[in-house]
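See below for the structure under consideration.
Sequence lines set the chain letters: A, B, ... in the order given, protein chains first and strands last, and positions in each chain run from 1. Everything numeric in this text was worked out from a predicted model, so none of it was measured.
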Amino acid sequence: MPELPEVEVVRRGLDKWASGRTVSSVQVLHPRAIRRHQGTAQDFAAQLVGRTLGPAQRRGKYLWLPLPGTGSSLLGHLGMSGQLLIQPEEAPEETHLRVRVRFADTLGTELRFVDQRTFGGLAVEDADPADPDAAPVSLAHIARDPLDPRFDDDAFLAALRRRSSGVKRALLDQSLISGVGNIYADEALWRARLHYDRPADTLRRPQAELLLASAREVMSAALAVGGTSFDSLYVNVNGESGYFSRSLDAYGREGEPCNRCATPMRRAAWMNRSSYFCPRCQKLPRPRTS
DNA sequence: AGACTCTCCTGCGTGC
DNA sequence: TGCACGCAGGAGAGTC
């Protein structure tokens with residue numbers, strides 16, 4: 001389940017192994033892999049062939065590579081199970097290989113988009129002409145992520161504290177803050193000792209600050225660990241066996257002792273998924289009755 | 001606008 | 001052993 005740290009590792013891999021190379025051919029093996037693209041698979045391929053990939057960019061969980069001279073960018077999202085791999089051209093096809101991109105050079109490697117559950121996808125999109133990084137237009141509503149130097153702490157904290165919904169729902173709202181998914185949301189909430197369903201507009205400013213700092217810490221720590229393993233030819237993205245999984249304090253720890261107070265952790269059904277929390281450290285304050 | 005739900009998808013683990 | 005089902009969950013679409 002790639003979230004911001006995993007996607008950043010992929011971005012670095014793409015920047016190292018794909019940027020600067022010129023596309024020679026594109027093969028779309030599954031139409032759903034390009035469903036965001038406004039056009040056919042043939043059109044997707046035609047917009048890439050002959051183009052040179054620019055430096056890899058990221059916002060939240062989205063990745064893109066500008067296509068210099070075209071006003072457009074190659075956009076990617078890994079969804080739940082997507083991988084972007086650099087593989088030798090002769091390597092056997094992965095079971096869920098969806099898109100193959102070959103290059104007009106002699107490196108002998110190609111870019112592959114592999115995605116079991118097809119929640120992810122690629123597209124060529126117009127870039128925002130005002131954005132120096134050529135961000136695709138459809139990312140206009142995606143907020144900056146907390147590791148972005150241009151993330152506005154004050155604006156985020158104020159917006160968060162205006163939301164009436166639960167604080168976890170707000171954390172997962174990519175228009176408020178991007179890059180946070182179910183795993184790191186639970187981790188940040190555990191660190192900040194906040195219940196996932198705590199109405200965001202009941203947070204005091206220091207609590208909101210602690211939550212943001214916690215999200216930054218946990219994602220930075222995960223990135224630091226994940227960043228060590230992409231030295232190979234592979235653009236590493238294996239969300240399932242994430243390198244950080246041994247360090248999780250909340251996610252997936254139902255029944256195990258809280259790493260702070262030893263109370264058994266709980267799992268609650270929440271929004272068609274799960275929330276893991278410590279029932280002692282992360283209490284829901286009694287709602288005020290009016 | 002904000003809050004909220006539904007839907008997309010496949011493989012794996014579980015229970016009968 | 002086989003089959004049905006729950007679960008994993010990002011995010012766009014749609015409703016109110």
For the pair A/R100 and A/E93, find out whether any cationic side-chain nitrogen is under 4.0 Å from an anionic carboxylate oxygen.
yes
Do A/D153 and A/R216 sit within salt-bridge range, that is, some charged N less than 4.0 Å from a carboxylate O?
yes
Among the clusters formed by ILVMFWY side chains lying less than 4.5 Å apart, do A/I177 and A/Y196 turn up in the same one?
yes
Starting at atom NZ of A/K61, determine the distance to atom C1' of C/dA11, rounded to an integer number of angstrom.
8 Å
Residues A/R161 and A/D201 bridged, charged N to O under 4.0 Å
no
Distance, rounded to the nearest Å, where A/F113 contributes CZ and B/dC9 contributes P
15 Å
Could you check whether A/H141 gets within reach of a base, just the sugar-phosphate, or nothing at all, counting any heavy atom under 4.0 Å?
sugar-phosphate
Using a strict 4.0 Å threshold on nitrogen-to-oxygen distance, state whether A/R169 and A/D197 make a salt bridge.
no
Nucleotide of C/dA11, C/dG12, C/dA8 approaching A/R36 most closely (side-chain heavy atoms)
C/dG12
Is it true that A/R112 and A/E94 have a side-chain N and a carboxylate O under 4.0 angstrom from each other?
yes
Interatomic distance where CG belongs to A/L75 and C1' belongs to C/dG10 [whole Å]:
14 Å
B/dG11 phosphate, OP1 or OP2: any side-chain N/O from A/H96 under 4.0 angstrom?
yes
Send over the distance from A/N182 CG to C/dG10 P, rounded to a whole Å.
5 Å
Nucleotide by nucleotide, 5' to 3', does protein get under 4.0 Å of the base (B), only the sugar-phosphate (S), or neither (-) in nucleotides 2-8 of chain B, counting heavy atoms?
-SBB-BB
For B/dT10, does either OP1 or OP2 sit under 4.0 Å from a side-chain N or O belonging to A/Q116?
no
Angle of first-five versus last-five pair axes in the helix from B/dG2-C/dC16 to B/dC16-C/dG2, to 10 degrees:
50°
Run the salt-bridge test on A/R266 and A/E254 with the 4.0 Å N-O cut-off and return the result as yes or no.
no
Interatomic distance, A/L139 CG vs C/dA11 C1' [rounded to whole Å]:
12 Å
Could you label the plane-to-plane angle of the A/F156 and A/F151 rings as parallel, tilted or perpendicular, counting under 30° as parallel and over 60° as perpendicular?
tilted
What is the distance from CG of A/D115 to P of C/dA11, rounded to the nearest Å?
13 Å
When you check the gap from the basic side-chain N to the acidic O, do A/R59 and A/D131 get nearer than 4.0 Å?
yes
Please determine whether residues A/L176 and A/L210 belong to a single hydrophobic cluster, defined as Ile, Leu, Val, Met, Phe, Trp and Tyr linked transitively by side-chain heavy-atom distances below 4.5 Å.
no
To the nearest Å, give me how far apart CD (A/E254) and C1' (B/dG13) are.
15 Å
Linking I/L/V/M/F/W/Y whenever their side-chain heavy atoms sit closer than 4.5 Å, directly or via other members, would A/V99 and A/L78 fall into one cluster?
yes
Hydrophobic cluster membership, with links at side-chain heavy-atom distances under 4.5 Å among I/L/V/M/F/W/Y: are A/Y62 and A/I183 in one?
no
Per A/R117 side chain, nearest of listed nucleotides B/dC9, C/dG12, C/dG10:
B/dC9
What is the distance, rounded to the nearest whole Å, between atom CD of A/E94 and atom C1' of B/dG11?
17 Å
Between N or O atoms, less than 3.5 Å apart, protein on one side and nucleotides 14-16 of chain C on the other: list the pairs.
none

